[in-house]
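For reference, the structure discussed in these notes is given below.
Throughout, a chain's letter reflects where its sequence line sits, starting with A, and its residues are numbered from 1.
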Amino acid sequence: MFRSGVAGYAAVHARVRAMYSTMLTPEMWARLREAEDFPILITMLKETVYGPYLSQVEDKDLSPRRAVYQIKGRLTDACMAAISMVPEHARPLLSQLYRRFEVDNLKAILRGIVTGSSWDQVRYVLFPLGSSTVLPAQAMVEAGNVEAAVEQLQGTPYYATLSHAMRRYTAEQSLFPLEVALDLDYWRTLWSRVGRLQGQDHQQAVRIVGSLIDTNNLMWAIRYRVYHHLSEEEIINYTLPFGHRVRDADIRAIAAGADIAQVVTGLYPELTGVDELLQEPRRGLSQLELQLRRYVAEQCRAAFLGYPFHVGIPLAYIVLSEMEIDDLTVLIEAKSLQRLPEEFVPYLVLGGGMPERQATD
Amino acid sequence: MARINVPPTRSNLLRMKQELQFAREGYDILDRKREVLTTELMRVARDAEALQRKVWDLLAAAYQALEKAQMTMGRERVEWAALAVNKTIEVEVTYHGVMGVPIPTIQAHGGPPEMPYSLGDTTTTLDEASAAFREVLNRVPELAELMVSVWRLAGELRKTQRRVNALQYIFIPEYEETVSFIESSLDEREREETFRLKWLKNKLEKQGQSAEGR
């Protein structure tokens, strides 16, 4: 019997709200954006919830690369905390959401093997998942070849997917078939976990996970067509046939060469200036991607409004935490490259100065 | 003006004249080679300059795109996505000659895979950078071919110019000077010989007259 509704989520709601309140405020973002350089940015970040993670490394060793690695530790903690506190029936969904970092790690390991990298070279590019990962990362890297590394994954959720895709890898000697198989399997599994939920949980998960899938799927189809010039059939094969707003027909339309601006405007009438953005698709796509991510952020913030006892709250918190870390990555890189605010602010999703907390007001 | 240190003899005069003729012919040939090389160099250099400017522009755009990708994804994720590209273009170099200068023809085969990385952990900014660098990569063999041609033609032109200058300003004037010196020396010797013979003839005539008088 599920413990959902008020009984299941009262404590979760209170604790996630408390964690949500530790996210960076608009005032803090404004200060961080104005930081003169990278060391000052790090000093400021040490005064926030990211302080303990950054303080684990001595200042002299805190390069931009290392700083990004360290702050990701907070996302791990946020995910683990959220997963541990949700009711049993919602846990598989959050665990699968968190698994995306493991999928990215798996791809990094495979790339490391192909390029003959050592374990020491690979370990610091992996997302710090701690003991929660099922990947025998070091053993895989030390296996020395992709086939042997995949064999090490027996008993994990990735083995069946990868061993199925190995035939194409062997024929093409390209990691792309393996990577795309992992991505598609990840999102299919996540969507199936959403499908198992009921009531408010299902509605909220569909809205948040659905908007994430929509954003990815739509951008994949567009990127495959505009940048990688894949055929209609390939685009359909490498995208997902489901979503919340974005349906299979929309993806097929893009794959078949339909006007991208028209498809996007039809799907997201609330997005402004799409026609102008996509007049020169290669210039406007990164801005469209950001607009879609901001839309996902709005969906997450909306979860904190109204009836609060559902999986949407921890789910939204994890997604927003990841976006916050992505924005901090932009800030860290921009400050280390000595970029002016007008050069990096357009790439911020949460920290760009827009009213990010309006959903909780 | 310097001249070659040879005895002023008729045989040396003949040899010097032959060598002067040879130097003048060499000069004509090298001068024509210089003209051909200059024309070819100007043509190739113009093409190379135009292509180099284009490649610099493409590279600037590519690095700008890469910086944007690094900024939005983090340098680590960009580097690791780039590691998925384990193939690049292969080049085949053949040579053809222009006035004896081996000029390369570079033919590129293959290239990075169309889909080097999956899109799951990357953003559009990386696609932009990847596309920009692919465009640069496609132009690099042609630029390399033109740049090597320019360097080789310029090197050969410099050598030819040095030889032409050496012939024009050193060897030919030296031979001319030497020929002129030998000719004037031989003329002088001839005049001396004529004078000596006349003097001898006069002396013999005078001796003959005094013998008759006795």
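- Here A/Ile222 contributes atom CD1 and B/Leu119 contributes atom CG; the two are 11.5 Å apart, rounded to the nearest 0.5 Å.
- Residues of residues 171-183 of chain A lying under 4.5 angstrom from chain B, judged on non-hydrogen atoms, are A/Glu172, A/Gln173, A/Ser174, A/Phe176, A/Glu179, A/Val180, A/Asp183 in numerical order.
- With a 4.5 Å cut-off on non-hydrogen atoms, A/Tyr224 touches chain B through its backbone and its side chain both.
- With a 4.5 Å cut-off on side-chain heavy atoms, A/Val68 and B/Arg77 do not count as touching.
- When each of A/Tyr238, A/Trp220, A/Tyr186 is checked for heavy-atom pairs under 4.5 Å with chain B, A/Trp220 comes out on top.
- Interatomic distance, CD of B/Glu67 versus CG of A/Leu337, reported as 5.0 Å (0.5 Å rounding).
- In this structure, chain B has no heavy atom under 4.5 Å from any part of A/Arg100.
- With respect to chain B, the highest number of heavy-atom pairs below 4.5 Å among A/His228, A/His229, A/Arg223 belongs to A/Arg223.
- Interatomic distance, CD of A/Glu333 versus NZ of B/Lys68, reported as 15.5 Å (0.5 Å rounding).
- With a 4.5 Å cut-off on non-hydrogen atoms, A/Val125 touches chain B through its backbone and its side chain both.
- Using a 4.5 Å cut-off between heavy atoms, A/Ser286 contacts chain B through both its backbone and its side chain.
- Residues A/Met219 and B/Thr124 form a side-chain contact, since some pair of their non-hydrogen atoms from C-beta on lies under 4.5 Å apart.
- For A/Val122, the parts sitting under 4.5 Å from any heavy atom of chain B are the backbone and the side chain alike.
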Inset, instruction - Carefully, step by step, assess B/Asp121 and A/Lys107 under the rule side chain to side chain contact (heavy atoms under 4.5 Å, CB included). - result: CA-CA 9 Å; B/Asp121 58 341; A/Lys107 289 189 210 168; 3.4 Å; yes

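- A salt bridge between A/Lys72 and B/Glu76 is absent, with no side-chain N of the basic residue lying under 4.0 Å from a carboxylate O of the acidic one.
- Within the model, atoms OG1 of B/Thr125 and CG of A/Leu285 stand 11.0 Å from one another, a figure rounded to the nearest 0.5 Å.
- Contacts between A/Leu230 and chain B at a heavy-atom distance below 4.5 Å involve the side chain alone, from C-beta outward.
- When heavy atoms are compared at a cutoff of 4.5 Å, A/Glu343 approaches chain B solely by way of its backbone atoms N, CA, C and O.
- If you measure heavy-atom distances from A/Gln287 to chain B, you find no contacts under 4.5 Å at all.
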